[in-house]
Amino acid sequence: DEVFRIINEQTRAPAVDPVTKALATGQVQGPANHCVLIARDGTERPIADSAAPIRDAGGQVSGVVLVFRDVTQEREAARNLEKSEARYRQFIELAPYGVVVHSGGRLVFANPKALAMFGADSPMDLLGKPVLEFVHPNYRDAVRERQRRLTGGRMAVPPLQEKWLRLDGTVFDGEAVAVPYDHEGQPAALVLLQDITSRKAAEVQRDRFFDLPVDMLCIAGTDGFFKRLNPAFSATLGWTIDELLARPFQDFVHPDDRV
């Protein structure tokens, strides 16, 4: 006891001595949890220990083999992993976009933002249900192909704009990007989903403003080419939109007015 002093790391009470127990029972003593070895100078080190009885020719216990090792680095790695996982969980829970995980074609995780997107009151409203149940019929074939690439080919898929269905059947526009994932040892996919309904509506209003005026409106790039033109450009100049986009806009400026 003076040489091999061990205590319980949590309770600080003396731990069961594996040597004494092996001598008393004649059985191998496996590693105990949360044991700390106190060195002569008072230094404490977490250890994993085990003991096995030694028997003589007559089968009587004549001694014990004690094996122990310093697990300080392992404990530190475990603590760091726990902290990392806690930060990851907090990030997912507070993320400003929906995060869902599906495995075997069914939802197995949804963060609070995803619950709100789908009009769910609790995770149980979504978990276990087929992910395709929440995808508009017009986009299900595309999503099936993405699922095949994610879980079968283990390949990430690029962002895709598609229509999704809430629990009450209403539709919203979403943009999803997904990467391969593992859930409880099974292939899965982690999906980041953003509700872009408002953005799509704003784009429609922008396009209406851009296309309806009789005035010539354009967007030009720093490379000297048009990026977008409204119909008035084609009607006024007599060139098609494709022709206008294919040539530097300086070509359509009178030579006397070119800088």
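It should be emphasised that the depicted structure is a prediction, and the values quoted were computed from it without experimental measurement. What's counted below: heavy atoms across the whole structure, side chains too, no hydrogens, waters or symmetry copies.
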Note to self: Pair Arg45, Thr43 - check side chain to side chain contact (heavy atoms under 4.5 Å, CB included), show working.
What the structure shows: CA-CA 7 Å; Arg45 293 183 178 85; Thr43 303; 4.0 Å; yes
Check: Taking it one step at a time, do Ile6 and Asp49 satisfy side chain to side chain contact (heavy atoms under 4.5 Å, CB included)?
Finding: CA-CA 10 Å; Ile6 54 175; Asp49 58 30; 3.9 Å; yes
Checklist line | Val253 and Asp251: CA distance, side-chain angles, deciding distance, side chain to side chain contact (heavy atoms under 4.5 Å, CB included) verdict | finding: CA-CA 6 Å; Val253 178; Asp251 288 357; over 6 Å; no
Notebook entry, point to check: Can you list the steps and then say if Lys163 with Thr197 is a side chain to side chain contact (heavy atoms under 4.5 Å, CB included)?
Noted result: CA-CA 9 Å; Lys163 292 188 179 296; Thr197 304; over 6 Å; no
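Here the side chains of Ile196 and Gln161 are in contact, with some heavy-atom distance below 4.5 Å. Counting only heavy atoms from C-beta outward, the side chains of Trp164 and Val171 never approach each other to under 4.5 Å. Proximity of Asn111 to Phe109: side-chain heavy atoms (C-beta onward) are separated by under 4.5 Å at one or more points. When side chains are defined from C-beta on, Leu126 counts as touching Leu167, because their heavy atoms get closer than 4.5 Å. Gln147 has its side chain within reach of Val131: a pair of non-hydrogen atoms, C-beta onward, lies under 4.5 Å apart. Between Leu37 and Glu44, every side-chain heavy-atom pair lies at or beyond the 4.5 Å cut-off. Taking 4.5 Å as the limit, every side-chain heavy atom of Leu229 sits out of range of all side-chain heavy atoms of Trp239. Within the 4.5 Å cutoff, no side-chain heavy atoms of Glu175 are placed close to those of Glu162.
Linking ILVMFWY side-chain heavy atoms closer than 4.5 Å, directly or via other members, places Phe225 and Leu245 in two distinct hydrophobic clusters. In the hydrophobic clustering of this structure, Tyr139 groups with Val100; members are Ile, Leu, Val, Met, Phe, Trp, Tyr whose side-chain heavy atoms approach within less than 4.5 Å, directly or through other members. Cluster annotation: Val191 is not connected to Val177 through the hydrophobic network of ILVMFWY side chains, with a link wherever side-chain heavy atoms come within less than 4.5 Å. In the hydrophobic cluster analysis, where Ile, Leu, Val, Met, Phe, Trp and Tyr join through side-chain heavy atoms closer than 4.5 angstrom, Ile92 is grouped apart from Leu107. Under the 4.5 Å side-chain heavy-atom criterion for grouping Ile, Leu, Val, Met, Phe, Trp and Tyr, Leu165 is not connected to Val143 through any hydrophobic cluster.
Taking each heavy atom of Leu193 and Tyr97 in turn, the nearest pair found is O-CB, 3.5 Å. Pro18 and Ala51 get closest at one heavy-atom pair: O-CB, 3.6 Å. Nearest approach of Gly98 to Met117, heavy atoms of both residues: N-CE, 3.5 Å. Across all non-hydrogen atoms, the minimal contact from Ser50 to Leu66 is O-CD1, 3.4 Å.
Using a 4.0 Å cut-off between charged nitrogen and carboxylate oxygen, Arg69 and Glu74 count as a salt-bridge pair. A salt bridge does not link Glu203 with Arg206: every distance from a Lys NZ or Arg NE/NH1/NH2 to an Asp or Glu carboxylate oxygen is 4.0 Å or more. Comment: Arg75 engages Glu9 in a salt bridge, judged by a side-chain N to carboxylate O separation of less than 4.0 angstrom. Ionic pairing of Asp173 and Lys200 is not present here: no N-O contact between side-chain nitrogen and carboxylate oxygen is shorter than 4.0 angstrom. With respect to the salt-bridge test (charged N to carboxylate O, under 4.0 angstrom), the residues Asp182 and Arg154 qualify.
The number of heavy atoms from other shown groups lying within 6.0 Å of CZ (Arg40) does not exceed 12. Within a 6.0 Å radius of NZ in Lys21, no more than 12 heavy atoms belonging to other residues, nucleotides or ligands are found.
With rounding to the nearest 0.5 angstrom, the CG atom of Asp195 is 7.5 Å from the NZ atom of Lys113. For the atom pair CZ of Phe249 and CG of Leu244, the computed distance is 12.5 Å after rounding to the nearest 0.5 Å. From Cys218, atom SG reaches atom NZ of Lys227 across 12.0 Å, with rounding to the nearest 0.5 Å. Rounding to the nearest 0.5 Å places CG of Asn8 at 7.5 Å from NE2 of His34. Put simply, CE on Met216 and CG on Leu237 are 4.0 Å apart, with the number rounded to the nearest 0.5 Å. Separation of atoms CG (Asn230) and CZ (Phe210) is listed at 5.5 Å; rounding is to 0.5 Å.
Side-chain atoms of Asp125 come within 3.5 Å of backbone atoms of Ser122 as a donor-acceptor pair (strictly under, hydrogens ignored). Arg140 places a side-chain N or O within donor-acceptor distance of the main-chain N or O of Leu132, the cut-off being under 3.5 Å. Proximity of a side-chain donor or acceptor of Asp56 to a complementary backbone N or O of Val61 within less than 3.5 Å is not detected. Checked by atom type and distance alone, the side chain of Thr170 never pairs as donor or acceptor with a backbone atom of Arg166 at under 3.5 Å. Of the possible donor and acceptor atoms, one in the side chain of Arg55 sits under 3.5 Å from a partner among the backbone N and O of Gly26. A distance-only check finds a donor-acceptor pair linking the side chain of Ser103 to the backbone of Pro187 [under 3.5 Å]. Between the side chain of Arg146 and the backbone N or O of Pro158, at least one donor-acceptor pair lies under 3.5 Å.
A cation-pi geometry, defined here as NZ or CZ lying under 6.0 Å from the six-membered ring centre and within 45° of its normal, holds between Arg247 and Phe252.
Neither side chain, Asp242 nor Thr240, offers a donor N or O lying under 3.5 Å from an acceptor on the other.
The ring of Phe134 has its center closer than 6.0 angstrom to the ring center of Phe118.
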